Asks: 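Following this message is one structure expressed as structure tokens.
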Amino acid sequence: MTRLSPFPILGPKNKVETGRHSPSKSVEREKERETGSLLECCARCLVGAPFASLVATGLCFFGVALFCGCGHEALTGTEKLIETYFSKNYQDYEYLINVIHAFQYVIYGTASFFFLYGALLLAEGFYTTGAVRQIFGDYKTTICGKGLSATFVGITYALTIVWLLVFACSAVPVYIYFNTWTTCQSIAFPSKTSASIGSLCADARMYGVLPWNAFPGKVCGSNLLSICKTAEFQMTFHLFIAAFVGAAATLVSLLTFMIAATYNFAVLKLMGRGTKF
């Protein structure tokens, strides 16, 4: 008579499967792989990022916004000051009003153009930087890509020269307002000057703002001091200073764009391993 064993017999279906991992460990490993791939992707983006173009784009947007916004409001403030204190006849400053309005429309166009062009330069910076990073590998830039880079270099050179003139012109109103403010300081503190207070004047005709036959065209003495103390004068003066700073920031950004684009184009042209259409 056969005895039955108290322990169950392990058959093929009853074998303990030790080779398989638990579902929780599989999920953790999958998460680790996703995190690693995400970090690798971020590292590739950082390696290929055109840092010079990124800085230049941010500086360009900041400078153009400051120049256009503050310049627009400063011109409006100048118009009000001329109308209120320097001339009572509209025909005397009619031409000045037309010039101010024309400049304000130009400011609108300048803002739109530079924001679009800055975005294009940033995209071109990503393209050329990626090409330069991979220039010794299998990457081969196209003739069209080189021509596009050369076009951007030429346009940026021309814009830099034009903006130098804009930067110089933006210093003119700052100079005029600074001279007026200095005259007001001399009136407020007579001990600092030997001239009489009544002879200290701000003449808008002297700077070509008004024609010589404009009346009164100038403000002197205590009347000038009262103008300098108004919030309108102070705000307009500071707005012109801010616009000047914005023009300087835009000029620096254009120079940065020009240097980066020229370098990338030179590397593409001189060290590229071939071209294709």
Side-chain angles (χ1 to χ4, degrees), residues 44-72 74 103-137 139-175 240-277:
R44 288 175 187 171
C45 290
L46 287 175
V47 168
F51 292 106
S53 296
L54 285 171
V55 173
T57 303
L59 198 60
C60 179
F61 287 171
F62 168 76
V64 170
L66 195 63
F67 173 78
C68 293
C70 295
H72 182 277
F103 271 118
Q104 288 176 334
Y105 283 116
V106 169
I107 282 174
Y108 299 146
T110 301
S112 304
F113 171 78
F114 268 95
F115 276 104
L116 177 62
Y117 190 69
L120 289 175
L121 281 178
L122 181 61
E124 193 268 345
F126 271 101
Y127 165 74
T128 52
T129 303
V132 170
R133 300 280 186 189
Q134 305 176 44
I135 199 69
F136 296 105
Y139 187 94
K140 292 184 179 181
T141 184
T142 62
I143 291 178
C144 180
K146 289 182 179 181
L148 187 64
S149 297
T151 303
F152 276 116
V153 171
I155 294 174
T156 308
Y157 265 96
L159 276 178
T160 304
I161 295 172
V162 172
W163 199 259
L164 275 171
L165 299 176
V166 175
F167 175 67
C169 291
S170 66
V172 175
V174 176
Y175 171 75
F240 271 122
I241 294 175
F244 177 72
V245 172
T250 307
L251 180 61
V252 172
S253 71
L254 286 174
L255 290 172
T256 306
F257 271 131
M258 186 176 63
I259 294 170
T262 304
Y263 170 77
N264 288 334
F265 173 71
V267 173
L268 287 176
K269 185 173 179 62
L270 299 177
M271 304 180 68
R273 289 189 172 184
T275 58
K276 59 181 181 180
F277 291 99

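The figures that follow rest on heavy atoms only: side chains count, while hydrogens, waters and symmetry mates do not. These numbers were taken from a predicted model, which means no experiment stands behind them.
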Asks: Can you name the side chain to side chain donor-acceptor pair (under 3.5 Å) partners of Tyr108, sequence neighbours left out?
Replies: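 Result, side chain to side chain donor-acceptor pair (under 3.5 Å) vs Tyr108: His72.
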
Asks: Between atom CD1 of Ile107 and atom OG of Ser112, what is the distance when rounded to the nearest 0.5 Å?
Replies: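 The OG atom of Ser112 is 12.0 Å from CD1 of Ile107, to the nearest 0.5 Å.
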
Asks: Sequence neighbours left out, what passes ring pair (Phe, Tyr, Trp, His ring centres under 6.0 Å) with Phe113? Give chain and number order.
Replies: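 Here the qualifying residues are Tyr117.
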
Asks: Of Val55, Val252, Leu121, which is the lone residue that meets side chain to side chain contact (heavy atoms under 4.5 Å, CB included) with Phe257?
Replies: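 Passing option: Leu121.
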
Asks: Listed by chain and number, what are the ring pair (Phe, Tyr, Trp, His ring centres under 6.0 Å) partners of Phe115, not counting sequence neighbours?
Replies: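 With sequence neighbours excluded, Phe115 shows a ring pair (Phe, Tyr, Trp, His ring centres under 6.0 Å) to Phe61, given in chain and number order.
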
Asks: With Thr160, which residues qualify under side-chain contact (heavy atoms from CB on, under 4.5 Å), at least two apart?
Replies: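 With neighbours one apart ignored, the set is Thr156, Leu251, Leu254, Leu255, Met258.
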
Asks: Counting C-beta onward and ignoring hydrogens, is there a side-chain heavy-atom pair between Phe67 and Phe114 closer than 4.5 Å?
Replies: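 They are not in contact (no side-chain heavy atoms under 4.5 Å apart), so the answer is no.
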
Asks: Which pairs pass side chain to side chain donor-acceptor pair (under 3.5 Å) with one or both residues in residues 243-254, sequence neighbours excluded?
Replies: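 Every pair satisfying side chain to side chain donor-acceptor pair (under 3.5 Å) with a residue in residues 243-254: there are none.
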
Asks: Do any side-chain atoms of residues 240-247 form donor-acceptor pairs under 3.5 angstrom with protein atoms, and if so which ones, sequence neighbours left out?
Replies:
none

